[in-house]
Amino acid sequence: MPELPEVETIARGLDKRVRGDVIESIWLGSKPEPLKSSAFEIARTVENSLIVGVRRMGKHIVVDLEHCVGRSSRRRLHKSREKPGDNTRAQWIIHLGMSGRVQVCPPDAELLKHTHAIAKLASGRELRFVDPRRFGRLSVSQNGEFEAGGSEPLDVELDKFIDLFRGRATPIKSALLNQKLLRGVGNIYADESLWSAQIHPARSGARLKEKELERLRKALQRILRKAIQMRGSSISDFVDVEGKQGDYQQRHQAYGREGKKCFRCGCVIKRIIVAGRSSYLCPRCQRSPRHQGRTRKKTKRTGLVRTS
DNA sequence: ACTATTTCCTGGATGC
DNA sequence: TGCATCCAGGAAATAG
């Protein structure tokens, strides 16, 4: 389940490999297509385009393109009534969904099942999009001004961050997952940052104190940075462009740890459903909304070691 | 304008 | 072993 750190890892890997290469042609799998734009529109946009760079916006991979001024693209420009010089910047947008993967490989590399797109590059290699669960989406932006939603979690200023949740009755976990507020946070990093900031996922965003939101932002940013450094979390089958796994799953303190001991207090981590999603939390460190304001019982610490 | 719920999809895990 | 059922998840669509 690629979230911000995983997508960042993939985007960096792609940028390193295909920046400066040219997409000569693209094959798009037969229907039902996991596409947002039409296959025709995608092909028209990406074919004969120079890859200027690859970057991440939220959970989207953005491939910045520039139409080549080669013979074939001149004819293309003429045909489509576009004037050379303007409208030559475009973007290919890849969303990996749950199980999406991209690979850069030689043309004779084994064709994985569920390969939905193959772009042929001038270097002779292929850029492939593979997605068994078909939650991924491919699309293009003609003007090169793709809008990815809310604020980047790693850039957002404190004032803005606090503002995002003001007047929002929805559970904080739900708000963290809302891409129109913050882009890039998914189930894993929402749970990890809430655990770190000691905030119960079901608490209303509007009712969080500024101090708690300050803690949450700090935790979220620290965790995302560390996860990027460790090339993401490999839950189920996440791998980067090279097919290599990430390491951050070894650092998880809450996510996927149901029944295990909290690294902070030794209490048993439990799993509840918030916003229709599994949410892992420590019932002692993250007090539920209805326990808010009650005094905590003093309990013996268990001498467990934190891993972060 | 918000918020909650349902839907899409497949592979892997679980249960009988 | 084999078959059915459930579950995971992001985000768009739908309903309240």
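What you see is a predicted model; the values in this text were computed from it and never measured. Quick note on labels: first sequence line is chain A, next is B, and so on, each numbered from 1.
Side-chain nitrogen and oxygen atoms of His114(A) include at least one within less than 4.0 Å of the OP1 or OP2 phosphate oxygen of dG11(B). Listed pair Arg134(A) / dC8(B) fails the phosphate criterion, with no side-chain N or O lying under 4.0 Å from OP1 or OP2. Phosphate proximity of dA4(B) to Thr170(A): present, with a side-chain N or O under 4.0 Å from OP1 or OP2. At dA8(C), one or more side-chain N or O atoms of Arg271(A) fall inside 4.0 Å of OP1 or OP2 (strictly under the cut-off).
The base of dG10(C) does not come close enough to the side chain of Arg137(A) for any donor and acceptor atom to sit less than 3.5 Å apart.
Taking five base pairs at each end of the helix from dC2(B)-dG16(C) to dC16(B)-dG2(C), the local helix axes there meet at an angle of 50°, rounded to 10°.
Within 4.0 Å of Arg168(A), counting heavy atoms only, lie sugar-phosphate atoms of the nucleic acid but no base atom. Here Tyr255(A) lies in heavy-atom contact (under 4.0 Å) with sugar-phosphate atoms only. Contact annotation for Gly186(A): backbone-only contact, meaning every heavy-atom pair under 4.0 Å involves sugar-phosphate atoms and none involves a base.
For Arg12(A), the salt bridge (charged side-chain N to carboxylate O under 4.0 Å, His left out) partners are Glu8(A), not counting sequence neighbours.
With centroids closer than 5.5 Å and planes inclined by less than 30 degrees as the test, Phe135(A) and the base of dA11(C) fail to qualify as a stacked pair.
One hydrophobic cluster, built from ILVMFWY side chains closer than 4.5 Å, holds both Leu164(A) and Leu4(A).
Going from atom CE of Met98(A) over to atom C1' of dG10(C) covers 8 Å, rounded to whole Å.
A donor-acceptor pair is defined here as one N or O able to donate and one able to accept, closer than 3.5 Å; no such pair exists between the side chain of His60(A) and the backbone of Val62(A). In this structure, Ser193(A) contributes its side chain and Tyr189(A) its backbone to a donor-acceptor pair below 3.5 Å.
With 3.5 Å as the limit, one finds no donor-acceptor pair spanning the side chains of Thr115(A) and Arg128(A). Side-chain contact annotation: Thr45(A) with Gln142(A), donor-acceptor N/O pair under 3.5 Å present.
Distances from the side chain of Lys59(A) to the nucleotides dC9(B), dA11(C), dT3(B) place dA11(C) closest. Out of dT3(B), dG11(B), dG10(C), the shortest distance to the side chain of Asn187(A) is found at dG10(C). Nearest nucleotide to the side chain of His95(A), out of dG11(B), dA8(C), dG10(C): dG10(C). Comparing dG11(B), dA12(C), dA8(C) by their nearest atom to the side chain of Ser278(A) picks out dA8(C).
A cation-pi arrangement is present between Arg264(A) and Trp195(A) under the rule of less than 6.0 angstrom and at most 45 degrees off the ring axis.
The residue among Ala275(A) and Lys113(A) whose nearest nucleotide of DNA chain B lies closer to the 5′ end is Ala275(A).
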